[in-house]
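Structure record follows, encoded as structure tokens.
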Amino acid sequence: MALESAGGSIISKIAELMVEPVGRQFRYMFCFNTFVEEFKERKENLALALDGLQDDVEAAERNAKEIYEDVKQWLEDANNEIEGAKPLENEIGKNGKCFTWCPNCMRQFKLSKALAKKSETFRELGESSEKFKTVAHKAHPQPIEFLPSKEFTPLKSSEEAFEQIMEALKDDKVNMIGLCGMGGVGKTTLAKEVGRRAKELQLFPEVLMATVSQNPNVTDIQDRMADKLGLDIKEKSREGRADRLRHILKEVEKMLIILDDVWKYIDLKEIGIPFGDDHRGCKILLTTRLQAICSSMECQQKVLLRVLTEDEALVLFRIKAGLRDGDSTLNTVAREVARECQGLPIALVTVGRALREDYNIPIEDLTRYAVGYLIEDARKRVSVAIENLKDCCMLLGTETEEHVRMHDLVRDVAIRIASSKEYGFMVKAGIGLKEWPMSNKSFEGCTTISLMGNKLAELPEGLVCPKLEVLLLELDDGLNVPQRFFEGMKEIEVLSLKGGCLSLQSLELSTKLQSLMLITCGCKDLIWLRKLQRLKILGLMWCLSIEELPDEIGELKELRLLDVTGCRRLRRIPVNLIGRLKKLEELLIGKDSFQGWDVVGTSTGGMNASLKELNSLSHLAVLSLRIPKVECIPRDFVFPVRLRKYDIILGYGFVAGRYPTSTRLNLAGTSLNAKTFGQLFLHKLEFVKVRDCGDIFTLFPAKLLQVLKNLKEVIVHGCKSVEEVFELGEADEGSSEQMELPFLSSLTTLQLSCLSELKCIWKGPTRNVSLQNLNFLAMTIYDGDNLKQIFYSGEGDALPRDDIIKFPRLRELSLRLRSNYSFLSPRNFDAQLPLQELTIEGHEEVGNWLAQLQQNGFLQRLEFIQVDDCGDVRTPFPAKLLRALKNLRRVNIYNCKSLEEVFELGELPDEGSSEEKELLSSLTGLYLKRLPELKCIWKGPTRHVSLRSLAHLYLDSLNKLTFIFKASLAQNLSKLERLYISKCRELKHIIREEDGEKEIIQESPCFPKLKTIIIEECGKLEYVFPVSVSPSLLNLEEMRILNAHNLKQIFYSVEGDALTRDAIIKFPKLRRLSLSNCSFFGPKNFAAQLPSLQILEIDGHKELGNLFAQLEGLTNLETLRLGSLLVPDIRCIWMGLVLSKLTTLNVVECKRLTHVFTRSMIFSLVPLKVLKILSCEELEQIIAKDDDENDQILLGDHLQSLCFPNLCEIEIRECNKLKSLFPVAMASGLPNLQILRVKKASQLLGVFGQDDQASLVNVEKEMMLPNLKELSLEQLSSIVCFSFGWCDYFLFPRLEKLKVYQCPKLTTKFATTPDGSMSAQSKVSEVAEDSSINREWTRDNGWEEEEDGDDDDDW
């Protein structure tokens, strides 16, 4: 049979030989060795040519020359061809004699033919190398290092000068511009910015810059200009050099030459700069300190750059120094420093950058290092020292009172001084140390050692430090401190240890210790603390090993501070331990520590500490604790009067921060009777938060108001029985209380929410109440109808004579109410509200609110207005109010079902008044959402409206809105940065042409600062912007236009539009572009250059050719997502893209797609990391062969070279015609694959399959995916093997998770190997016995079986 088969093969081949030239075909069959010799010879010749040319290239590169592009291409082609020939070389050695096994004759025929073809390629390449007489030219120099825009800080003075220069550059009558100003004012910086923008706007193809200086060197200037153009000037004489440069520059059609730092008249002809009639395309910008130079150089345009104003100087200084608004102390210093810099940017920038602060320092830590004082005295001394250092600028303030900052330069100097022998400090904090620094041979002279901010994993057994007083350490969590570590530290007074594990027995000899702070430390043997009788500060913070405090702590008679904050497992404090600490000044237990307070006489038998013990502490000044329930409060208990700062929680409340900085009470989730409630209101209380507390009807009874004279903030939420917040009683006539009036004068913040029974806030006579400091009032009442007025006028209430309630500092008012309330009080009251922010929710009389504010002259102060769910409001801003809203910056309107327009624009009564002709000129943000009846935003003539400050426009779910801007309004959107439009289903135009307006619009809209455009679900939108807008979008970074099913093109032409000459518009900063259902990006003669595009998402297109023909310069693409494309292949996409940076590819719901890549593309996809192909029903192959791959032999090595070396994640779902993902030989080309998920592919036979035309030569029987961590095979009804074909064994040494669901025909057995790897072994003859079971394996838990269930998750 073999002979018959061989005979049949030979006969068929002879038939073929009769058709093709006979001699050549016979040579393929019988002259194999000749082809081999020719192949080797020509390969060697090409290799020699390659080596020689490569040597020339390397020599040129060493001389900073630029290699010709065709040379680079030849080198790449030659390398590729030589590398690509390796599979053929491997086959040469394996080819046997023809007639030892006749089927090899066919192999030999094909191999000879392939060798001949490759030899011819070698020959052609070798001959083409002979044309390269030279391989390089002198490199063009890098462009002038113009400033990136972030380095240029636009301020009013520089912007004015910049605009003047740019206008002059566009003026054909101006060819010499002089920029003058004093030294350091920023002339060079501004000139570089001009050069950058001139290049960016394509005003000049070439921009040259040279520094002239006080003693100009003509030769240097000439060489600098020639270098910028990549040319040599070989002439020696001055005249010859000038003529040569002039000839070079005249060949440049348009150019800008910047001559920086000119001190005296310079002869341009002497340099060789063609000018005026000699070269009309050359413009010169010179910078100088001397205005006379501008005259002597005959500058047609003189621009003065003045010094900065004081405010501008402060702004620049704060930016460069990185200061924030909250840095009050530093900002005060900043203003002084800025003033000293005399408005000179160079000084401001230099000093500002040098003063960037660093190193937050907790003030509390400094206090605990200050031993030898009473705690209160130590705190005062630390505070005084900090203020003194701040005054000297050695320390800086921060946003909070709890920290200070030290600049890194100051810190370095301080450490250097302190490290001298005189002071004996060793500070190596925060430098990543893992072991004790042994660079010091001796530590005997050290008085202080700080190694905080490290994670030491090793400590010496012991150290001899006879003078050491302060030791600050941070250890790795698992490190045990050696038992004898502290023996040589007899003088130690302060020890701070963070992390590690410590036996307190090791400190038994450290009897001079006064401050011991253990933080997140594993502590044991606490009983040994009794040895430390001098201890004044004991901190055991976040030490989770502590379950009980030893009774011996009560013996520490000198203890001033005890801190057990965060000891969550602390269950017991022995009875009277706290009561024996008579000198205790600060007790800090906090919310996450001990809560088991006992009450004498209860069933617990007095096993734990009681709150009563606090009354034994006559020095107690600072307290932080949590009381879990009311029953823990003894009947006659009162908190110590001497308390200055406290955080006290009753119930489940939360208080942020470790150390109390004020007086704060937090009540949550408990019921209180009136007496207990009164017990909790301590002297000097400043902050009260009451949440979900029952049985309270009056939160603050009249008798408590005198105690609450320091009250600053009240927050009440969810107390369903509260009827009034403040009860205002009469002060007894002649009593001492009369001297403490008025009540509530310190109150700054009042927030009330979810109080269903609330009837009023203040009940009773108001004449004794002063709200002079109230700046924030917020009320949210959703489920009650009892609130009628905020002030309640009781009997005998004597109203103020002028019937006015004054809120002189109220800046923010938020009312979210669902009740028919009157405004603040009876109708004969008038309220003065100097508001800046107003929020109204659930009220229908918004206009009345604004009218009342206007009546009292406060409307012009409003900066923020939010209207939410106000049912019958049709126009929140009528024309009569709009003119008063001069400072309105932001408007939010949500959920108003009847609202038809936002701003009603009437005719201005006084046409001659310029002050009222720019309505809404301060508006920066407009946010409109869920307004179903909104027909227009601006109703009426818009000629008096200016949106020059508008930066953010957010429109969502405006179902009847048909357009956004009229053309006249769109003209002044110069600061618009973000445009978001979603679910505006009737929207047809973003910019609507003028309709019946008197004036004619002369200019196109311009959006120079627009960064983001997002348009979603606007089904009737056909176009976005006129094409005339596109040149202004230089700062556009993101454009997403999705689910706009009627969209025809993004940019459209209107009559009179003039495109750029070549119809190419650049979007230099666009990084993300998402489009759906869009056939054209712009008009047919329009092309968009997108050099910065990194993310491209295309969805819902029926054909792609027109769109991709208009997208150019896609050289930096990293992520590509293709969705719902009705095309069989995507070649038109690949043709327009540079794939060398592509890392992520998602292909989703492309119903007709048959393949994704071709083999020739794979070499360009080296960076690819993520590949996801989802719901592509017709997909047959991920990688298809190229059109010209007819006779090519696909050897195993060749397939292995088709690899994705960086691919980390593959996910394939619902691709029901796919038989396999890749040929098995490619598995070795996936070295970094970590995640492989395949789901719902009904015809898939194996994850890896066998290519029909591939040779199995060099394909291993065993394969490995060395970095695979997750493998998931789900709902694959036809899968037989993991690898279908030659290789039947796979190994996954790092697999962590394996999931096999609903794969009934799977024969592959997955099992762990002795070394813990997962293996996959395929046995085609039998179905694996567990293949029908849903199984999941993890490295930690092994195999687990799960019930079969519907797993149609939404992906």
Residues passing the side chain to side chain contact (heavy atoms under 4.5 Å, CB included) test with Leu169, sequence neighbours excluded, are Ile165, Met166, Ile177, Val194, Phe204, Leu256, Lys283

The side chain to side chain donor-acceptor pair (under 3.5 Å) partners of Glu1017 (sequence neighbours excluded) come to none

Hits for side chain to side chain contact (heavy atoms under 4.5 Å, CB included) against Pro205, two or more places apart or cross-chain, chain-then-number order -> Lys254

The side chain to side chain contact (heavy atoms under 4.5 Å, CB included) partners of Asp956 (sequence neighbours excluded) come to Lys929, Tyr954, Ser982, Lys983

By side chain to side chain donor-acceptor pair (under 3.5 Å), Glu1118 pairs with (sequence neighbours left out) none

Contacts of Tyr894 meeting ring pair (Phe, Tyr, Trp, His ring centres under 6.0 Å) (sequence neighbours excluded), chain-then-number -> none

Requested in this report: Using a strict 4.0 Å threshold on nitrogen-to-oxygen distance, state whether Glu837 and Arg890 make a salt bridge.
Outcome: no

In short, salt bridge (charged side-chain N to carboxylate O under 4.0 Å, His left out) pairs touching residues 1039-1053 with sequence neighbours left out are Glu1022-Lys1048, Glu1038-Arg1040

Sorted by chain and number, sequence neighbours left out, ring pair (Phe, Tyr, Trp, His ring centres under 6.0 Å) with Tyr1023 holds for Tyr1052

Residues at least two apart in sequence or cross-chain that pass side chain to side chain donor-acceptor pair (under 3.5 Å) with Glu1209, listed by chain then number, are Arg1237

Sorted by chain and residue number, the ring pair (Phe, Tyr, Trp, His ring centres under 6.0 Å) partners of Phe864 (sequence neighbours excluded) come out as none

By side chain to side chain donor-acceptor pair (under 3.5 Å), Glu933 pairs with (sequence neighbours left out) Lys960

By ring pair (Phe, Tyr, Trp, His ring centres under 6.0 Å), Phe965 pairs with (sequence neighbours left out) Trp938

